[in-house]
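Here the structure comes first, spelled out in structure tokens, and everything after it is commentary.
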Amino acid sequence: MDALMRWLIETGLPPHGFCLLWQPQLVALHVISDAVIGLAYFSIPVALAWLVLKRRQIEFNWVIVLFAAFILACGTTHFISILVLWVPAYGLEGIAKAFTAVVSIATAILIWPIVPKILAMPSHAELQRLNAELVREAEARAHAEEQLRQSQKMEAFGQLTGGIAHDFNNLLLIVAGNIERAMRAVPQGTPAARNLANALTASDRAGALTAQLLAFARKSPLEVRLQEVAPILEGTRDLLAQASGENIDITLDIADDLHPVLTDRNQLENAMLNLVLNARDALPAGGKVEIAARNLDNEVEIVVRDEGAGMDEATLAKATEPFFTTKPIGSGSGLGLSQVYGFLHQIGGRMQIVSSPGTGTTVRLFLSTEREAHGARLAG
Ligand SMILES: Nc1ncnc2c1ncn2[C@@H]1O[C@H](COP(=O)(O)OP(=O)(O)O)[C@@H](O)[C@H]1O
Ligand SMILES: [Mg+2]
């Protein structure tokens, strides 16, 4: 024990201060520098421990422990350097250095394998990118779900409406037939005759409405095939002008090399009529309605644009829903845009509406130029 103590601490050699000839400046310089380095070294494991405690998910703890030991050992050698200025503990100093050497070599070797692992951890920018991607995916899914709900609603409405409209139409035929028979029996010019004439007009209007309902419910036969749209659009010019009244100025700008598209003639005419009537309603004081058609990649785009009242966000969100209308009872059925929507769905096309209050409304119809448009129900 005594021998060990002598070898470690009381070596009998002169202390290190003796080598410095006890010059106060030199001694102070060594003491202060070693003390500062030692304290700095000792503070590092504290910071590491704090980090590891706060970030529980940090792996490779054993390397961190080894690194902490290495730093502590380094700090300790500096404090021993201060000690040996006065105490000739060269054995202790040597052992501390040997321990530091072992730990530092182990750390230096073991730190290499973890570098690739750390590099493989996603960087902050990468995490942000992945997060943005997730958000985008979630939004896309929500959008798809919303569309599915919308088309399920359309489907259910379609079945309900089709059933009602069909029965209703049969009843209307009986009503109209009986009114006509009664009109023949009543002398013309009498109040009763006028009442009957009004009743007949109303039942005609009801008949037109049921026809629209049936079209919406897809109970009327469609003839979807590849065909030229320019003649169909040109052919509606008079009808549209008549229907929208003289306050509305309709311009047609149809490219003359339009590709044939998958469509049904009657439904397309009906859709154009619905869109132009909506534009007219949005322009109570009159104005311009522009209709244009041009080729896109695999589609033909038909645009109907007005500079009318436009729609706010809430209206726009519901505009294509069946029976949604902002118009007074008697002037809106809420079936116009839903017909257009349902029709495009049937021919594998799509519709886009851009609208805001004050700037007007632009409705774009995209009709497929491919024989096998997705979801299209072809004739035959
Ligand atoms: N061009 C347009 N400008 C402004 N609002 C429109 C336009 N087209 C449609 N809308 C809005 O969408 C609603 C639904 O239109 P629609 O389905 O055609 O039914 P309806 O015309 O019978 O009201 C309208 O009541 C109106 O509020
Ligand atoms: Mg309408």
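First listed ligand is number 1; within each ligand, the first listed atom is number 1.
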Please confirm whether T326 comes within less than 3.5 Å of ligand 1 when only nitrogen or oxygen atoms on both sides are compared. yes

Contacting atoms of ligand 1, where contact means under 4.0 angstrom from a heavy atom of A319: 12 (O), 14 (C), 17 (O)

Inspect the contact between E139 and R136 and indicate whether a charged nitrogen and a carboxylate oxygen are less than 4.0 angstrom apart. no

Considering only the protein, which heavy-atom contact is closest to atom 14 (C) of ligand 1, and what is its distance? F324 O, 3.3 Å

The answer for which part of A282 has a heavy atom under 4.0 Å from ligand 1 is side chain

Metal site the Mg ion (ligand 2): N/O/S of N278 inside 2.8 Å: yes

E145/R141 ion pair, N-O < 4.0 Å: no

Does a salt bridge link R265 with E269, judged by any charged N lying under 4.0 Å from a carboxylate O? yes

Nearest option to atom 8 (N) of ligand 1, as decided by whichever heavy atom of N278, V340, V289 sits closest: N278

Taking the side chain as C-beta and beyond, is there a heavy-atom pair between V363 and V303 under 4.5 Å? no

Considering only heavy atoms, does V363 approach ligand 1 within less than 4.0 Å through its side chain, its backbone, both, or neither? neither

Heavy-atom nearest option to atom 11 (C) of ligand 1, drawn from K318, M311, E307: M311

Please answer whether the main-chain N or O of K327 pairs with a side-chain N or O of T325 as donor and acceptor at a distance below 3.5 Å. yes

Heavy atoms, side chains only, cut-off 4.5 Å: are F343 and T263 in contact? yes

For atom 21 (O) of ligand 1, what is the closest protein heavy atom, and at what distance to 0.1 Å? K327 NZ, 2.7 Å

Could you check whether N169 and T210, counting side-chain N and O atoms only, form a donor-acceptor pair closer than 3.5 Å? yes

Give me the residue, atom name and distance of the protein heavy atom closest to atom 23 (O) of ligand 1. T325 OG1, 2.5 Å

Purely on distance, is any nitrogen or oxygen of L337 under 3.5 Å from one on ligand 1? yes

Checking S33 side chain against L29 main chain: does a donor-acceptor pair fall under 3.5 Å? yes

Can you hop from V103 to I37 via hydrophobic side chains spaced under 4.5 Å? yes

Between S104 and T107, is any side-chain donor less than 3.5 angstrom from a side-chain acceptor? no

Does an N or O from D281, backbone or side chain, lie closer than 3.5 Å to an N or O of ligand 1? no

Looking only at heavy atoms of N274, does any of them come nearer than 4.0 Å to an atom of ligand 1? no

Near F168 CZ, under 6.0 Å, is it more than 12 heavy atoms from other residues, nucleotides or ligands? no

Could you tell me whether some N/O pair between G334 and ligand 1 is separated by less than 3.5 angstrom? yes

Measuring from non-hydrogen atoms of S333 to any atom of ligand 1, is the shortest distance under 4.0 Å? yes

Please report which non-hydrogen protein atom sits nearest to atom 1 (N) of ligand 1, along with the residue it belongs to and the distance in Å to one decimal place. D306 OD2, 2.9 Å

Report, in ascending order of atom number, the atoms of ligand 1 lying under 4.0 Å from any heavy atom of T315. 27 (O)

Ligand 1 atoms in contact with T361 (distance to a heavy atom under 4.0 Å): 1 (N), 2 (C), 3 (N), 4 (C)

Contact with ligand 1 for G308, non-hydrogen, under 4.0 angstrom: no

Quick one: are V84 and L92 in side-chain contact, heavy atoms under 4.5 Å? no

